[in-house]
Peer 1: 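Starting off with a structure, shown below.
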Amino acid sequence: MSFSLKLYNTLTREKQAFSPIDATNVRMYVCGPTVYDYAHIGNARPAIVFDTLYRLLRHVYGENHVTYARNITDVDDKINARALRDHPGLPLNDAIRLVTEKTETQYHEDTTALGCLTPTVEPRATDNIPQMIDIIEKLIARGHAYVAASEVLFDTKSMLDYGQLSKRPLDEQQAGARVAVDAHKKNPGDFVLWKLSSHNEPGWESPWGRGRPGWHIECSAMSQRYLGEVFDIHGGGLDLIFPHHENEIAQSRCAHGTQVMANVWMHNGFVQVEGRKMSKSDGNFITIYDLLHTETFGGRQWPGEVLRLAMLMTHYREPIDFSLKRLEEAERLIAKWPAAEVSGAAPCDTVLNALADDLNTVAAVQALHALAQEANVDAMVLPVFAASAALLGVLPKKAEIDQAVASAIDTLVEMRLEMLKAKNFPEADRIRNELSEKGIQLKDGKDAATGERVTTWELKR
RNA sequence: GGCCUCGUGGCGGAGUGGUGACGCAGAGGACUGCAAAUCCUUGCACCCGAGUUCGAUUCUCGGCGAGGCCUCCA
């Protein structure tokens with residue numbers, strides 16, 4: 001095919017032509033949520049960005065030829081803490097399950113509202129403990145890991161080219177600059193693969209005793225299980241490059257003896273608030289739930305499509321300053337777009353090519369906007385618009401209007417036109433206002449041939 | 001201290017070694033009984049300095065500024 005997809009690869013720091021290992025099964029792994037609290041709008045960014053990539057890949061390689069895995073981290077010390085805080089009376093395991101299930105359900109509701117498709121698989125860490133233990137045993141057997149002070153640690157010095165992704169040579173780092181180095185580590189950069197659990201911590205039996213996995217090992221285990229030892233794309237936020245992705249790479253490559261873990265590493269930029277990274281530890285975050293369902297931001301609720309479009313109006317690698325103005329602009333744009341159904345038409349080439357250029361959603365949205373304006377004038381363009389909008393996941397849905405209601409509105413519109421002919425303006429305006437209050441927007445136009453007034457209507461969005 | 005990004009008009013944002021995208025907002029106009037919607041027109045920018053060049057917003061170097069990672073983090 002003449003179509004060529006280019007993606008920016010953090011490994012090489014350049015845009016490269018994308019060529020899948022197996023075009024009949026393109027494989028992508030994205031780091032998903034740790035389920036202990038509501039997801040914030042910064043967490044929404046990778047969900048939306050990689051959903052858009054998923055849609056593009058499905059379009060290019062076929063819906064059934066893309067495997068998208070996004071993990072759910074349900075073992076983490078923050079989860080334990082939250083469980084103890086929220087459910088002090090319950091046994092720890094029950095409390096943890098309450099926290100993780102509730103949060104996971106909420107995450108799915110949030111991402112669905114943001115127009116994200118469900119990934120092919122959403123593996124849970126706790127369902128993959130044996131796989132993690134297996135990798136750790138391999139690492140020990142191959143001399144890449146050691147046991148010390150009730151922990152299994154990865155030996156970073158055992159990997160000659162550790163640090164390729166973050167371009168961070170170990171010996172040039174200021175070890176312990178911000179956190180004291182544990183004395184039992186051979187090297188400051190060594191990280192935990194497994195640690196023993198006390199009685200009031202969740203744990204699983206292992207060759208090293210009852211314990212729980214370190215932060216990075218789950219992604220190595222789950223990506224291998226669902227995508228294989230080497231796969232196409234690995235995505236996540238910029239802040240995961242080091243240490244998380246670097247360590248995933250170290251574990252997977254050393255366990256499997258491979259040259260790469262994933263061929264392409266993609267990282268989205270941050271959502272910022274007043275020029276600062278939005279993060280839970282800094283407390284400057286706003287949750288997706290609050291935006292969708294409460295009036296905490298800008299004194300109103302925001303539709304998921306608006307949030308999604310606001311996100312796509314900036315290239316995924318650039319920072320986004322989350323502002324009211326941005327949401328308002330996104331909303332104004334969508335309001336001008338026609339509602340439509342996907343009908344099997346091919347998407348517009350301009351939109352497609354924009355996306356193919358390292359997911360240039362900015363150019364894609366602009367092309368889509370131009371297309372929408374054409375479609376508003378020429379109904380023939382509508383299917384192309386619909387297909388293109390669907391590719392970005394921002395197709396306005398046709399509102400369901402009851403037939404009886406619709407004809408009642410039509411009758412009122414007719415009455416108003418009668419009133420206008422009779423120059424009874426107060427009564428005509430009364431009808432217009434009445435409909436407006438019910439969320440019906442009248443649009444007066446002129447019949448090109450006869451010059452007569454023609455009135456159409458639509459639901460306000 | 002090390003390493004990574006980035007710096008374009010009120011805002012969002014492409015892009016290019018040479019004729020200053022585009023969108024939103026603003027201004028003016030058309031249409032309208034008045035509006036809304038729509039359409040037309042329009043003002044406003046490339047952080048600073050040096051270098052390369054006939055010519056730099058675009059390339060190189062140096063500043064300055066902003067953000068991020070080196071601790072959990074999307």
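Numbered from 1 within each chain, the chains take letters A, B, ... in sequence-line order. What you see is a predicted model, and the numbers here were worked out from it, not measured in a lab.
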Peer 1: Which residue pairs satisfy the salt bridge (charged side-chain N to carboxylate O under 4.0 Å, His left out) criterion with at least one member in residues 308-320 of chain A, sequence neighbours excluded?
Peer 2: Asp51(A)-Arg308(A), Arg317(A)-Asp358(A)

Peer 1: Only counting residues at least two apart or in another chain, list the ones meeting ring-ring contact (aromatic ring centres under 6.0 Å, His included) with Phe322(A).
Peer 2: Phe297(A)

Peer 1: Taking only residues two or more places apart in sequence, or in another chain, which ones meet Ala113(A) in a side-chain contact (heavy atoms from CB on, under 4.5 Å)?
Peer 2: Leu292(A)

Peer 1: Sequence neighbours left out, what passes ring-ring contact (aromatic ring centres under 6.0 Å, His included) with Tyr68(A)? Give chain and number order.
Peer 2: Tyr54(A)

Peer 1: Does Val365(A) reach a base, just sugar-phosphate, or nothing at all? Heavy atoms under 4.0 Å.
Peer 2: nothing

Peer 1: Where along nucleotides 8-14 of chain B does protein come under 4.0 Å, by heavy atom, of base (B) or sugar-phosphate alone (S), with - for untouched nucleotides?
Peer 2: --SBBSS

Peer 1: Just N and O in the side chain of Lys277(A): are any of them under 4.0 Å from OP1 or OP2 of C69(B)?
Peer 2: yes

Peer 1: How close or far is atom C1' of C22(B) from atom CG of Leu368(A), stated in whole angstroms?
Peer 2: 14 Å

Peer 1: Using atom P in both nucleotides, what's the gap between U16(B) and G10(B) to the nearest angstrom?
Peer 2: 24 Å

Peer 1: Could you note down all residue pairs passing salt bridge (charged side-chain N to carboxylate O under 4.0 Å, His left out) where residues 67-86 of chain A supplies at least one of them, sequence neighbours left out?
Peer 2: Asp37(A)-Arg82(A), Arg70(A)-Glu122(A), Asp74(A)-Arg124(A), Asp76(A)-Lys78(A), Asp77(A)-Lys195(A), Asp77(A)-Arg212(A)

Peer 1: Taking side-chain contact (heavy atoms from CB on, under 4.5 Å) as the definition, give me every residue that meets it alongside Arg416(A), ordered by chain and number, with sequence neighbours left out.
Peer 2: Leu420(A), Ala428(A), Ile431(A), Arg432(A), Leu442(A), Asp444(A), Arg453(A), Thr455(A)

Peer 1: For Ala310(A), enumerate each residue passing the side-chain contact (heavy atoms from CB on, under 4.5 Å) test, keeping only those at least two apart in sequence or located in another chain.
Peer 2: Arg326(A), Leu327(A), Ala330(A)

Peer 1: Can any side-chain N or O of Asp190(A) pair as donor or acceptor with the backbone N or O of Lys185(A) at less than 3.5 Å?
Peer 2: no

Peer 1: Of the nucleotides A74(B), A25(B), G23(B), which one has an atom closest to the side chain of Pro46(A)?
Peer 2: A74(B)

Peer 1: Between Arg332(A) and Ser166(A), which residue's closest nucleotide on RNA chain B lies nearer the 5′ terminus?
Peer 2: Ser166(A)

Peer 1: Just to be sure I understand the rule, does Glu328(A) reach a base, reach only the sugar-phosphate, or reach nothing, if contact means heavy atoms closer than 4.0 Å?
Peer 2: nothing

Peer 1: Touch check for Leu240(A), heavy atoms < 4.0 angstrom, all strands: base, sugar-phosphate only, or nothing?
Peer 2: sugar-phosphate

Peer 1: What residues, two or more places apart in sequence or in another chain, satisfy side-chain contact (heavy atoms from CB on, under 4.5 Å) together with Thr105(A)?
Peer 2: Glu109(A)

Peer 1: What pairs with His40(A) under ring-ring contact (aromatic ring centres under 6.0 Å, His included), at least two apart in sequence or on another chain?
Peer 2: Phe285(A)

Peer 1: Between A74(B), C72(B), C4(B), which nucleotide has the shortest distance from any of its atoms to the side chain of Arg13(A)?
Peer 2: C4(B)

Peer 1: Which letter, B, S or -, goes with each nucleotide of nucleotides 33-39 of chain B from 5' to 3', with contact meaning a protein heavy atom under 4.0 Å?
Peer 2: BBBBBS-

Peer 1: For RNA chain B, please output the secondary structure as dot-bracket, reading 5' to 3'. Pairs are Watson-Crick or G-U wobble, both atom distances under 3.5 Å; mark crossing pairs with [ ], other-strand partners with |, unpaired with a dot.
Peer 2: (((((((..(((.....[...))).(((((.......)))))....(((((..]....))))))))))))....

Peer 1: Using atom NE2 of His40(A) as one end and atom P of C72(B) as the other, report the distance to the nearest whole Å.
Peer 2: 16 Å

Peer 1: Relative to the ring of His293(A), is the ring of Tyr289(A) parallel (under 30°), tilted (30 to 60°) or perpendicular (over 60°)?
Peer 2: tilted

